[in-house]
Amino acid sequence: MQVTETKSEGLKREFQVILPAAELESRLATELDGIKGKVQLKGFRPGKVPVAHLRKVYGRSVMADVVQNAVTEANQKIVEDNKLKLALEPQIQMPEDKDEIEKALDAKADLSFKVALEVMPTFDLVDLSDVSLTKLVVTPSDEEVNATIERMASANRPFEDRPEGEAAQSGDRLVINFTGRIDGTPFEGGTGEDITLDLGSNTFIPGFEDQLTGARAGDERLVKVTFPENYGAEHLAGKEAEFDVTVKAVKAPGALTIDDELAKTFGMDSLDALRDAVRETMGREYEAASRQKLKKGLLDALDSRYSFELPPSLVHQEFAAVWAQVEQDLKNRGKTFEDEDTTEEKAREEYRRIAERRVRLGLVLAQAGESADIKVSDDEVNQALIARVRQFPGQEQQVWDFYRKTPQALAELRAPLFEEKVVDHVLGQVKLVEEPVSKEALFADEDEAEEGKAEPAQADAAPAEAAPAGEANPA
């Protein structure tokens, strides 16, 4: 096998591989001899089939395997001899001349093909000791903890039927049946029975609750509303609708009690234990939000300090994934690029820069992790898998089996674990300054913090779980 490099431009490489006819013949003969004792042909005793006859019967199929094996060997030889790190799988280009291929398959001519590669860029990790990042710190206050417990108590307070004839007021809970129509025609998902509605909660379509204030048990009312322009069900967005509503019950809220008995309804021994649990939960939420902002600051710092050529195919793959999400989001919201005060061309430029940033940061984090010999243990992957399985109540076994049988799916669980470990490692190289701030300051610009997320470019992002389309009801 002769391998010659024919192109080296940036991160792109091309090699010409020639497999002489004599070597093809030799490999074919070896393969045929290997199956001689395994095949059974009518008229021949096992192991006594002449090689010439085997070649006549199986020659082409065996030669196809010979060629495939030769391609695999060539790829391995190219990578090993040149010490290459590939960005993607090699691209093989066979001769366009069919006669040339036919002769090679008959071992009457040399087999010549091209191997095109994209390699990973090489770069040195930079010194980050002069980088200073601020970690925002929020400590849950007693007022916030108490307010959260009050909301929990309010959500679990008892409701009792109002005396017959009393009108519903804000804070009451109604039990209703409804049937909706658009242009006089009932629509899918527009009916409901025994639906609870808390007046003043603003959980239904704007204007729906207002028209039921003052209703009494047994009342029938015609409620007219307009679905919001950004309503989850696209075919209903912006449409005017009428609902025939029957009020089955009007219930007044009971006393709001915050005591040990309330705590027990949440599995706690006492109110103090409930306060501690709420404080701990809020602390974890604040810590997660703080880390997200700190991570974005770190990624911004890395992005400003690294500049190197990126594998075009990786950028293309990342951009395609990002762009698909952009288009789907616009479709779900019924918007156009013009509605977002931009053009498709400008949006493509912006999101291509985002794709390039993600690929660049992914490569930097990957090299930082490799340099530090960071590993993700099987136990850590199992814990992540268990957490994923719990997201699908009733389907736990199917989800577990899917991941266990799908290496790529498990790799998608491993990638973010690796990334977080690398981020921790890199954060250890910079100066961290803690700054106490308010809850409002911590959660400001959450969308900006989310945009900073960068997953290793070599790993596909975890599959996004499809959000269920909003039911076409007043909620």
Side-chain angles (χ1 to χ4, degrees), residues 128-129 131-153 155 263 266-303 358 361-362 364-365 368-369 372 374-377 379-391 412-456 459 461-462 464-465:
L128 301 175
S129 60
V131 174
S132 180
L133 299 175
T134 300
K135 179 181 180 180
L136 305 182
V137 179
V138 178
T139 302
S141 67
D142 292 341
E143 291 77 10
E144 289 173 327
V145 172
N146 290 335
T148 298
I149 292 178
E150 286 181 10
R151 288 194 296 270
M152 295 168 65
F266 292 101
M268 298 295 167
D269 294 333
S270 65
L271 182 58
D272 287 340
L274 178 60
R275 283 197 176 97
D276 290 342
V278 168
R279 190 183 304 276
E280 182 179 345
T281 299
M282 294 176 69
R284 286 197 299 267
E285 292 175 354
Y286 294 162
E287 178 64 24
S290 175
R291 178 179 174 82
Q292 189 62 38
K293 285 203 167 185
L294 179 61
K295 180 179 176 180
K296 182 183 183 299
L298 175 66
L299 295 178
D300 287 344
L302 293 176
D303 190 43
R358 289 184 176 180
L361 292 173
V364 170
L365 292 179
I374 292 174
K375 307 291 184 185
V376 177
S377 69
D379 183 61
E380 289 171 317
V381 175
N382 283 336
Q383 292 302 315
L385 176 54
I386 291 171
R388 174 58 60 89
V389 166
R390 287 174 177 167
Q391 297 175 0
E412 290 166 355
L413 286 180
R414 186 182 296 271
L417 298 177
F418 175 80
E419 176 179 324
E420 291 307 312
K421 281 192 166 188
V422 176
V423 167
D424 286 337
H425 169 72
V426 178
L427 283 173
Q429 303 173 28
V430 306
K431 300 175 184 177
L432 288 183
V433 179
E434 292 190 351
E435 178 184 347
V437 296
S438 66
K439 172 186 173 182
E440 291 70 25
L442 174 64
F443 286 101
D445 300 325
E446 279 187 306
D447 292 340
E448 180 184 350
E450 178 63 21
E451 184 182 332
K453 184 178 181 182
E455 298 178 45
E465 286 141 18

Exercise. Do Arg275 and Asp272 meet the salt-bridge criterion of a basic N to acidic O distance under 4.0 Å?
Worked result: yes

Problem set entry | Atom pair NZ (Lys296) and CG (Asp303), whose distance is rounded to the nearest 0.5 Å | 9.5 Å

For this session: Please report the shortest heavy-atom distance between Ala441 and Lys293, naming the atom on each side.
Result: O-NZ, 3.4 Å

Problem set entry | Distance (rounded to the nearest 0.5 Å) between Glu285 CD and Ser290 OG | 13.5 Å

Problem set entry | Distance, nearest 0.5 Å, that separates OG1 of Thr139 from CD of Glu144 | 9.5 Å

For this session: First locate atom CG of Leu294, then atom OG1 of Thr134, and finally report the distance between them rounded to the nearest 0.5 Å.
Result: 8.5 Å

Which donor-acceptor pairs under 3.5 Å do side chains of residues 428-436 form with protein atoms, sequence neighbours excluded?
| unit_1 | atom_1 | unit_2 | atom_2 | d |
| --- | --- | --- | --- | --- |
| Gln429 | NE2 | His425 | NE2 | 3.1 |

Exercise. Considering only heavy atoms from C-beta outward, does the side chain of Val422 approach that of Asp424 to under 4.5 Å?
Worked result: no

Exercise. Can you check whether Val137 reaches Val437 side chain to side chain, under 4.5 Å on heavy atoms?
Worked result: no

For this session: Identify whether the distance between the nearest side-chain nitrogen and carboxylate oxygen of Arg279 and Asp142 falls below 4.0 Å.
Result: yes

Seminar exercise, completed: Between Ala263 and Ser270, the two heavy atoms sitting closest are CB-O, 3.2 Å

Problem set entry | Interatomic distance, Tyr286 atom OH to Thr281 atom OG1 [nearest 0.5 angstrom] | 11.0 Å

Exercise. Do the side chains of Arg151 and Thr148 get nearer than 4.5 Å, heavy atoms only?
Worked result: yes

Exercise. Taking all non-hydrogen atoms of both residues, which atom of Phe418 and which atom of Gly369 are closest, and how far apart?
Worked result: CZ-CA, 3.8 Å

Exercise. With sequence neighbours excluded, what pairs up with Ala384 under the side-chain contact (heavy atoms from CB on, under 4.5 Å) test?
Worked result: Leu417

Exercise. Sub-3.5 Å donor-acceptor pair from the side chain of Gln383 to the main-chain atoms of Glu380, do we have one?
Worked result: no

For this session: Quick one: closest heavy-atom pair of Pro140 and Gly283, and the distance?
Result: CG-N, 3.8 Å

Exercise. Quick one: does Leu302's side chain get under 4.5 Å of Val131's, heavy atoms only?
Worked result: no

Exercise. In Å and rounded to the nearest 0.5 Å, what is the CG to CG distance from Asp300 to Leu133?
Worked result: 9.5 Å

Exercise. Is the closest basic N to carboxylate O distance between Lys135 and Glu287 below 4.0 Å?
Worked result: yes

Exercise. Among all residues two or more places apart in sequence or in another chain, which pass the salt bridge (charged side-chain N to carboxylate O under 4.0 Å, His left out) test with Glu420?
Worked result: Arg291, Lys295

Problem set entry | Nearest non-hydrogen partners of Val278 and Met152, listed with the distance | CG2-SD, 3.9 Å

